[in-house]
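Shown next, in structure tokens, is the structure this report addresses.
Whatever order the structure lists ligands and atoms in, that order sets their numbers, starting from 1. What's counted below: heavy atoms across the whole structure, side chains too, no hydrogens, waters or symmetry copies. From a predicted model like this one, the values you see are computed outputs, not experimental measurements.
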Amino acid sequence: MRAGTATTTDLLQLSPDFVRDPHPVYAALRAKGPVHRVRTPQGPEVYLVLGLQACRAAYTDARLSRDWRGQGRLEQIISVAPDDPSLAHMSMADPPDHTRLRRLVSREFTPRRIQALAPRVQQITDTLLEEMTANGARSADFVAAFAFPLAITVICELLGVPELDRAAFRRWSNEILAPTSPGAQSAAYAEQAAYLPRLVQDKRAEPGEDWLSALIHTFDEDGDRLAPDELTGMCSLLLIAGHETVVNQISNGLRALFAHPGQLDLLRADLSLVEGAVEEMLRYEGPVESAPERLALTDIELGGVLIPAGSTVRIVLSDASRDETHFPAPDRFDIRRDTRGHIAFGHGLHYCLGAPLARLEGRIALRSLLTRCPGIAADTDPDGLHWLPGMLIRGVRELPVRW
Ligand code: HEM
């Protein structure tokens, strides 16, 4: 059977509510087939891959590239100069470059190395909860008071980033991953490009016990090391990928509990369910809605659809995790379900390097929060929340809570 040419579906026309609740839109498309050409709310046309099986197949198809710079097609997906050093990282590389860049840092991310960080993550969490509840406070914006400072403090301490202007960093990180406009995105890249090489330089002059110092001085067995641009790129990737995801992992998870009071009661009554709850939060409403864009290097037939060479392809992780052929009653949030097989951390070569750290932060955050503030509840109507734009990161800008 020959692959068919897809017609374009406008996501916003399909549902004006798409940004707030994309799951039914993805499910309706998936019922017709796993691959669709769509116009996104931001305007460009992309091919969406839906359902667990097709998403896994796309992830392991070497004809779908992450090396946009090498292909000279960067402007198709982001507003930044192709020689911006913050792009010289593993997430925008294919093998063999990807293999080399990932090998040079992966020794820092073994589950054992990460587990050793638990006491410090616990300390940071406790301090933040103490500050959030100080002076009899009974309400806060959970993102600003807890999720963001936890995620950013952990990754900054690990990397050895000293006095980052956190408000500025949060703004530029948001604009890089969930841009409000192409101009705002390129301005954010420019701010970052002014900051990161200086940071690497300072660290080279005064090394410490942190990851960045280790990366600067690491040689692998073959005598290979990261070049200056690659250090800047690695820093950018770890700082941004290492915090933006965790912020939304924690706040999306809490929103899911608020929307399912029975599950919140269950967890509060038995905190040994925390590990399963974190996995279910990742499956039900993970922070990465769809993987960063892939470029079709040749014409590719996937799910009976022809994806022409040069097309942008998005693997929709949040739909793979709601595929009823793998997860029965997928729209039910159930912290005791079997979540094995979810791909909230991706799949294949680019599988999240930070997954053990993210899980550690998620579990400590949730357990400590429910111990310190057992009566925590939403302090706003969910319809009034402001969603991050774009299809990469799923989450809200603020989450008012009371306890
Ligand atoms: C719940 C939190 C997190 C989620 C859901 C998540 C999800 C993901 C996903 C889906 C990918 C694959 C992207 C692709 O398809 O190309 C990825 C890659 C990556 N993540 Fe995470 N991430 C999380 C936290 C973290 C943390 C805490 C760090 C760092 C400390 C981190 C570092 C990375 C890196 C370096 C990559 C690139 C791997 C590669 O290209 O080989 N992530 N993450």
Original post:
Near V246, which atoms of ligand 1 are under 4.0 Å from a heavy atom of that residue?
Top reply: 27 (C)

**OP:** Could you tell me whether H243 approaches ligand 1 through its side chain, its backbone, both or neither, with non-hydrogen atoms closer than 4.0 Å?
**Re:** neither

**OP:** Could you tell me whether some N/O pair between E361 and ligand 1 is separated by less than 3.5 angstrom?
**Re:** no

Original post:
Tell me: protein heavy atom nearest atom 32 (C) of ligand 1, and distance?
Top reply: G354 N, 3.7 Å

Original post:
Does W211, backbone or side chain, put an N or O under 3.5 Å from an N or O of ligand 1?
Top reply: no

Original post:
For R336 and L266, what are the C-alpha separation, side-chain angles and deciding distance, and is it a side chain to side chain contact (heavy atoms under 4.5 Å, CB included)?
Top reply: CA-CA 10 Å; R336 287 181 295 188; L266 195 64; 3.5 Å; yes

Original post:
How far is atom 35 (C) of ligand 1 from its nearest protein heavy atom, and which residue and atom is that?
Top reply: L237 CD2, 3.6 Å

**OP:** Identify, for atom 2 (C) of ligand 1, the protein heavy atom at the shortest distance, and state residue, atom and that distance.
**Re:** A358 CB, 3.4 Å

Subject >> Per-residue contact class, I343 against ligand 1 - non-hydrogen pairs under 4.0 Å >> reply: neither

Original post:
Of all the atoms in ligand 1, which lie at a distance below 4.0 Å from a heavy atom belonging to L349?
Top reply: 41 (O)

Subject >> Charged N-O contact under 4.0 Å between E279 and R359 >> reply: yes

Subject >> ligand 1 N/O within reach of Y59 N/O, cut-off under 3.5 Å >> reply: yes

Original post:
For ligand 1, is E289 a contact, meaning one of its heavy atoms is under 4.0 Å away?
Top reply: no

**OP:** Check the surroundings of atom CZ in R120: do more than 12 heavy atoms from other residues, nucleotides or ligands lie under 6.0 Å from it?
**Re:** yes

Original post:
Under a 4.0 Å N-O cut-off, is there an ion pair linking R314 with E289?
Top reply: no

Original post:
For ligand 1, which part of H350 has a heavy atom less than 4.0 Å away: the side chain, the backbone, both, or neither?
Top reply: both

**OP:** Provide the closest heavy-atom pair for L317 versus I343 in the form atom of the first, atom of the second, distance.
**Re:** CD2-O, 3.6 Å

Original post:
Which one holds for I315 and ligand 1: side chain close, backbone close, both close, or neither close, with close meaning a heavy atom under 4.0 Å?
Top reply: neither

**OP:** With heavy atoms of A291 as the reference, note each atom of ligand 1 found under 4.0 Å away.
**Re:** 15 (O)

Subject >> ligand 1 versus C352: contacting region, heavy-atom distance under 4.0 Å >> reply: both

Original post:
Going by the angle between their ring planes, with limits at 30° and 60°, are W211 and F109 parallel, tilted or perpendicular?
Top reply: tilted

Original post:
Applying a strict 4.0 Å limit to heavy atoms, is H89 in contact with ligand 1?
Top reply: no

Subject >> Nearest protein heavy atom with distance in Å, relative to atom 23 (C) of ligand 1 >> reply: T245 OG1, 3.3 Å

Subject >> Note, R37 side chain near V46 side chain (heavy atom, < 4.5 Å) >> reply: no

Original post:
Going by the order shown, which atoms of ligand 1 are within less than 4.0 Å of some heavy atom of P287?
Top reply: 1 (C), 5 (C)

Subject >> Pair R171 + E191: basic N to acidic O under 4.0 Å >> reply: yes

Original post:
With backbone taken as N, CA, C and O and side chain as the heavy atoms from C-beta onward, which portion of I155 lies under 4.0 Å from ligand 1: side chain, backbone, both, or neither?
Top reply: side chain

Subject >> Polar contact flag for R102 and ligand 1 (N/O pairs, less than 3.5 Å) >> reply: yes

**OP:** Would you mind listing which atoms of ligand 1 come within a distance below 4.0 Å of any non-hydrogen atom of G346?
**Re:** 10 (C)

Subject >> Any P292 heavy atom less than 4.0 Å from ligand 1 >> reply: yes

Original post:
What do we get for Q249 next to ligand 1 when only non-hydrogen atoms under 4.0 Å count, side chain, backbone, both or neither?
Top reply: side chain

Subject >> Side-chain ion pair, R372 and E130, N-O less than 4.0 Å >> reply: yes

**OP:** Go through the steps to decide whether H89 and C235 satisfy the test side chain to side chain contact (heavy atoms under 4.5 Å, CB included), and finish with yes or no.
**Re:** CA-CA 9 Å; H89 58 64; C235 256; over 6 Å; no

Subject >> For the student: nearest non-hydrogen atoms of I300 and A296, plus distance >> reply: CD1-CB, 4.0 Å

Original post:
Is R283 positioned over the aromatic face of F327, cation under 6.0 angstrom from the ring centre and no more than 45 degrees off axis?
Top reply: yes

Original post:
Among protein heavy atoms, which sits nearest to atom 6 (C) of ligand 1, and what does the distance come to when rounded to 0.1 Å?
Top reply: F345 CD2, 3.6 Å

Original post:
Heavy-atom distance to atom 27 (C) of ligand 1: which of C55, G242, S91 wins?
Top reply: G242

Original post:
Do you see a donor-acceptor pair shorter than 3.5 Å between the side chains of Q122 and D126?
Top reply: yes

Original post:
Of all the atoms in ligand 1, which lie at a distance below 4.0 Å from a heavy atom belonging to L357?
Top reply: 30 (C)

Subject >> Parallel, tilted or perpendicular, as decided by the 30° and 60° cut-offs, for the rings of H243 and F169 >> reply: tilted

Original post:
Heavy-atom contacts under 4.0 Å between L282 and ligand 1: side chain, backbone, both, or neither?
Top reply: side chain

Original post:
What distance do N248 atom CG and R255 atom CZ have between them, rounded to the nearest 0.5 Å?
Top reply: 8.5 Å

Original post:
With a 4.0 Å heavy-atom cut-off (strictly under), which part of M234 contacts ligand 1: side chain, backbone, both or neither?
Top reply: neither

Original post:
For ligand 1, which atoms, with element, lie under 4.0 Å from some heavy atom of A344?
Top reply: 5 (C), 7 (C), 10 (C)

Original post:
Does any non-hydrogen side-chain atom of V49 lie less than 4.5 Å from one of V316?
Top reply: no

**OP:** Find all atoms of ligand 1 within a distance of less than 4.0 Å from any non-hydrogen atom belonging to L317, and give their numbers and elements.
**Re:** 10 (C)

Original post:
According to the interplanar angle, ranging from 0 to 90°, do the rings of H260 and Y284 count as parallel (below 30°), tilted (30 to 60°) or perpendicular (above 60°)?
Top reply: perpendicular

**OP:** Determine whether V154 and L357 make a side-chain contact, defined as any pair of heavy atoms from C-beta on separated by less than 4.5 Å.
**Re:** yes

Original post:
Which residue supplies the protein heavy atom nearest to atom 36 (C) of ligand 1, what is that atom called, and how far is it?
Top reply: L353 N, 4.1 Å

